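All values reported here derive from a predicted model rather than from experimental measurement. Note that these values count all heavy atoms, side chains included, but never hydrogens, waters or copies made by symmetry.
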Amino acid sequence: MNKEKVDIESVLSEKSSDFSVKTTIHIHRLFEKFGFDEVFGRSAVMELLELKASGASKLLSNLVKADIIEPVSGHGKGKYKFKK
């Protein structure tokens, strides 16, 4: 088990939001791909998770609300990264 994997687990259990299993899996897949340092946007989420635009937007806004990802400035509109 790499350290990053453990980190996202502790982040999720700390925030212990009531995410569905499906959402939790999405979060894990996003984190595996982007980690703490990569910036990503809706289109990357759509591609990776095979979601429609609306689904990806909803997922992103839920994750921002839950304090798991944060908006990033300076990379264009609608870019996010995982909060440490």
Side-chain angles (χ1 to χ4, degrees):
M1 268 254 208
N2 65 8
K3 194 175 148 315
E4 296 246 296
K5 192 90 166 190
V6 178
D7 285 352
I8 192 64
E9 278 300 336
S10 62
V11 166
L12 285 174
S13 60
E14 251 169 59
K15 317 272 192 216
S16 73
S17 309
D18 317 316
F19 288 127
S20 66
V21 172
K22 193 168 146 199
T23 302
T24 306
I25 291 168
H26 284 340
I27 295 167
H28 279 280
R29 288 184 57 196
L30 286 172
F31 188 78
E32 269 164 36
K33 178 133 172 71
F34 302 112
F36 283 120
D37 303 316
E38 292 266 329
V39 172
F40 55 93
R42 189 178 73 177
S43 53
V45 172
M46 287 166 62
E47 206 171 293
L48 182 68
L49 303 176
E50 295 171 358
L51 294 171
K52 293 195 181 86
S54 57
S57 295
K58 207 166 137 191
L59 178 65
L60 287 169
S61 70
N62 287 342
L63 297 188
V64 170
K65 268 194 218 118
D67 218 28
I68 288 170
I69 62 174
E70 59 189 343
V72 179
S73 56
H75 290 276
K77 194 175 164 322
K79 296 289 188 258
Y80 303 91
K81 62 185 231 204
F82 280 92
K83 284 183 88 159
K84 283 198 169 75

Is it true that a side-chain atom of Thr23 and a backbone atom of Phe19 form a donor plus acceptor pair closer than 3.5 Å? no
Take a 6.0 Å sphere around CD of Glu47 and say whether it holds more than 12 heavy atoms from other residues, nucleotides or ligands. no
To the nearest 0.5 Å, what is the distance between OH on Tyr80 and CD1 on Ile68? 14.0 Å
Take Ile27 and Phe82 through the test side chain to side chain contact (heavy atoms under 4.5 Å, CB included) and record every step on the way to the result. CA-CA 10 Å; Ile27 295 167; Phe82 280 92; 4.1 Å; yes
Go through it in stages, so that I can follow the logic: the residues are Ser57 and Ser54, the test is side chain to side chain donor-acceptor pair (under 3.5 Å), and I'd like the CA-CA distance, side-chain angles, deciding distance and then a yes or no. CA-CA 5 Å; Ser57 295; Ser54 57; over 6 Å; no
Shortest non-hydrogen contact from Lys79 toward Gly76: CG-O, 3.7 Å
Spacing of CG belonging to Leu60 relative to CE belonging to Met46, to within rounding of 0.5 Å: 10.5 Å
Are Val72 and Leu30 co-members of a hydrophobic cluster defined by side-chain heavy atoms under 4.5 Å apart? no
Take Phe31 and Phe36, measure what ring-ring contact (aromatic ring centres under 6.0 Å, His included) needs, and give me the verdict at the end. CA-CA 7 Å; Phe31 188 78; Phe36 283 120; 4.9 Å; yes
Kindly indicate whether the side chain of Asp67, heavy atoms from C-beta on, has any atom under 4.5 Å from the side chain of Lys83. yes
With rounding to the nearest 0.5 angstrom, report the NZ to NZ distance, Lys52 to Lys58. 12.0 Å
Here the gap from Leu49 atom CG to Lys33 atom NZ, rounded to the nearest 0.5 Å, amounts to 10.5 Å
Under the criterion side-chain contact (heavy atoms from CB on, under 4.5 Å), which of Leu51, Val21, Leu48 is the partner of His26? Leu51
Taking NZ, NE, NH1 and NH2 as the nitrogens, is one of them in Lys81 or Asp37 under 4.0 Å from a carboxylate oxygen of the other? no
Looking only at non-hydrogen atoms, find the nearest pair between Ala56 and Val45 and report the distance. CB-CG1, 3.9 Å
Does Gly78 offer a backbone N or O that forms a donor-acceptor pair with the side chain of Arg42 under 3.5 Å? no
